[in-house]
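Accompanying notes for the structure given below.
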Amino acid sequence: VTRVDWAIVLVYIAWIVVDGLRRSKGTDRVEGYFLGNRSLPWWAVGLSVMATQMSAVTLVGTTGQAYSTGLRFVQFYFGLPIAMIILSVTVVPFFHRAKVYTAYEYLERRFDVRTRSLASFLFLMGRAFSLGVTLAAPSVVISAILGWTLSATVFVICVPMILYTSIGGVQAVAWTDVKQMFVVVFGMSAAVVVLLYGILQHVSFVQALRLAGATGRLKALDFRFDPRETYTVWSGMLGGLFLMLAYFGCDQSQVQRYLTARSIGEARQSLLMSAWVKIPLQLLILTTGVLVFVFYLFQTPPMLFNRVYDARVKSGPHASEYAALERDFGAALDARRAAAERNDREAFLAGDSRVLDIRTRAAALVEETTGDERFTDVNYVFPTFITTRLPVGLVGLMIAAIFAAAMSASGGELSALATTTIVDFYSRHFVRNASDAHYLAASKFATLCWGLFACVVAMYSANQGSLIEVVNRYGSIYYGSLLGVFILAILTKRATAAGAFWGLIAGMVVVLIVAFATPIAFLWHNPIGAAVVVVVGLAVSRMSPSAPDAD
Amino acid sequence: MAGAPDSRLTGTFVGVLLLEAAIIAVLWLVGRIFQ
């Protein structure tokens, strides 16, 4: 990474902080601070919605997944467009007309304060820890790639993000998100151009597709109905639909985005932007990962992309074994490359499985040396490609994009945590009827506290599994149940406060049991949770004599 | 309760679903051709 690249990273981070603060006009009142005075244009809200969902984990983890397994992760998003359509005709007009600050505020109007408080509490707990992961996951990768300490990396991401979020509120977050989306799309497109240029020096485009396809990386769709399988068309369509309904409909970090829109129409348009763009954008990111795989068929990749662990094994007790593996690796790469160039499918597949086998053995040596049982190399693939293969300038831009993605996803979440804390707890249970200035100061303080809490969680979080799944798994424990409560609130008239409260608890318990005691894949936890809440909620409502209004 | 979508919105919804169907069809085709 050259000085020019570092200058680009610095200028970019400075720009988003300064511009975020500059755009935070009108945040001298709580409504301005939390909802941007409900004045943002649809396209800014739409980009902010996508940026909040697209964290640095998405950039680094998704490209890594595509590098190792191909396009099949795209199935995860198949439920999203349908979810957006459903939400834009149900929840969006509902929340806008109710003039709420948080989604959970509505639950008190419909049910009672305990359902509201429980839902807010579930959100706060889940989101606070997942914010830690949102920060930790890219920090682990960035620190290994740049040779920084984990604390320094978390610090570099957290300080600007907490600064502009706590001072500028939701407007600073939204306008930072807008910039981030442009940088990410431009950066990824530029990376694709560099990858294609490198690949076309060796084989034609069709031949490149054949090579990727031969290894199964272009097989995006899996039509098997197997609930143990994480990504299938059905888990994406149905499980993903419920996850997206819950995420965009009940998670304050998303609801708050479209509450900032000027009108119901603009809020709808902002969600429908995701419905149009999200799958193509995800395909761009996944295709980049597949192209990185093809690129490294003709360029020599490191045996392990995580250079820190690579160095540790080389200086550890398994150094000689590792050196022997590296020699085998070099020979296997040569054989695979030659087979790819002469279009010999059988020899290419044999060479590829030999390369894979050697990498698996190298990863086992890493595990034995470092004791890190959850070591996964795929998350280091794309950052390694960026720092070693992109031209000067683009390296800086891509690193800036990863930093910015980490900041903007966590900024939105941080703002939502502060909003829920102040609106659903502080001003509801502790200090009622204080002045607007008092709540504004408390809001800024809450943002600061949650930011610091997330930094501490990030520093202590373990590096587990493939990064993106970790974040999604955290969500799927409580998302389905939250969605169930909102279904009871918005779509039924018979549900009572007691029904909603006990339904929510039953949903959480069942999902926890399913998550820890069965092999059912995590996307299915969402419909299961929602269904349990609705069924138990309606059953309890039937038994409890009180009418909804009387609760 | 929720407001009914107008015809422009209905058109958008149909467009979104058609785009998704087209993407799935293309992915299926690419997966079949290059395997």
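Below, read A as the first sequence line, B as the second, and so on, with proteins coming before strands; counting in each chain starts at 1.
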Sequence neighbours excluded and cut-off under 3.5 Å, please list the side-chain donor-acceptor pairs for residues 283-290 of chain A, or say none.
residue	atom	partner	partner atom	Å
A:T287	OG1	A:L283	O	2.5
A:T288	OG1	A:L284	O	2.6

Under 4.5 Å to a heavy atom of chain B? For A:L71 that would be side chain

Side chain, backbone, both or neither: which part of A:V74 has a non-hydrogen atom closer than 4.5 Å to chain B? side chain

Against chain B, label A:Q75 side chain, backbone, both or neither, depending on which of its atoms sit under 4.5 Å from a heavy atom there. neither

Heavy-atom distance under 4.5 Å to chain B: side chain of A:F223, backbone, both or neither? side chain

In terms of heavy-atom contacts, A:Y231 and A:D222 come closest through O-CB, 4.0 Å

On the 0 to 90° scale, with breaks at 30° and 60°, tag the A:Y77-A:F73 ring pair as parallel, tilted or perpendicular. perpendicular

Under 4.5 Å from a heavy atom of chain B, the part of A:L221 involved: side chain

If the condition is salt bridge (Lys or Arg N to Asp or Glu O under 4.0 Å), which residues does A:R109 pass it with, not counting sequence neighbours? A:E105

Turns out that what part of A:A214 lies under 4.5 Å from chain B's heavy atoms comes down to backbone

Part of A:R345 lying under 4.5 Å from any heavy atom of chain B: side chain

For B:I24, which atoms come within 4.5 Å of any heavy atom of chain A: side chain, backbone, both, or neither? both

For atom CZ of A:R342, decide whether the heavy atoms of other residues, nucleotides or ligands shown that lie under 6.0 angstrom number more than 12. yes

Check A:A267 against A:H96 and note the closest heavy-atom contact, atom names and distance. CB-NE2, 3.6 Å

Check the angle between the aromatic planes of A:F225 and A:W234 and answer parallel, tilted or perpendicular using the 30° and 60° thresholds. tilted

Heavy-atom cut-off 4.5 Å, strictly under: side chain, backbone, both or neither for A:T215 against chain B? neither

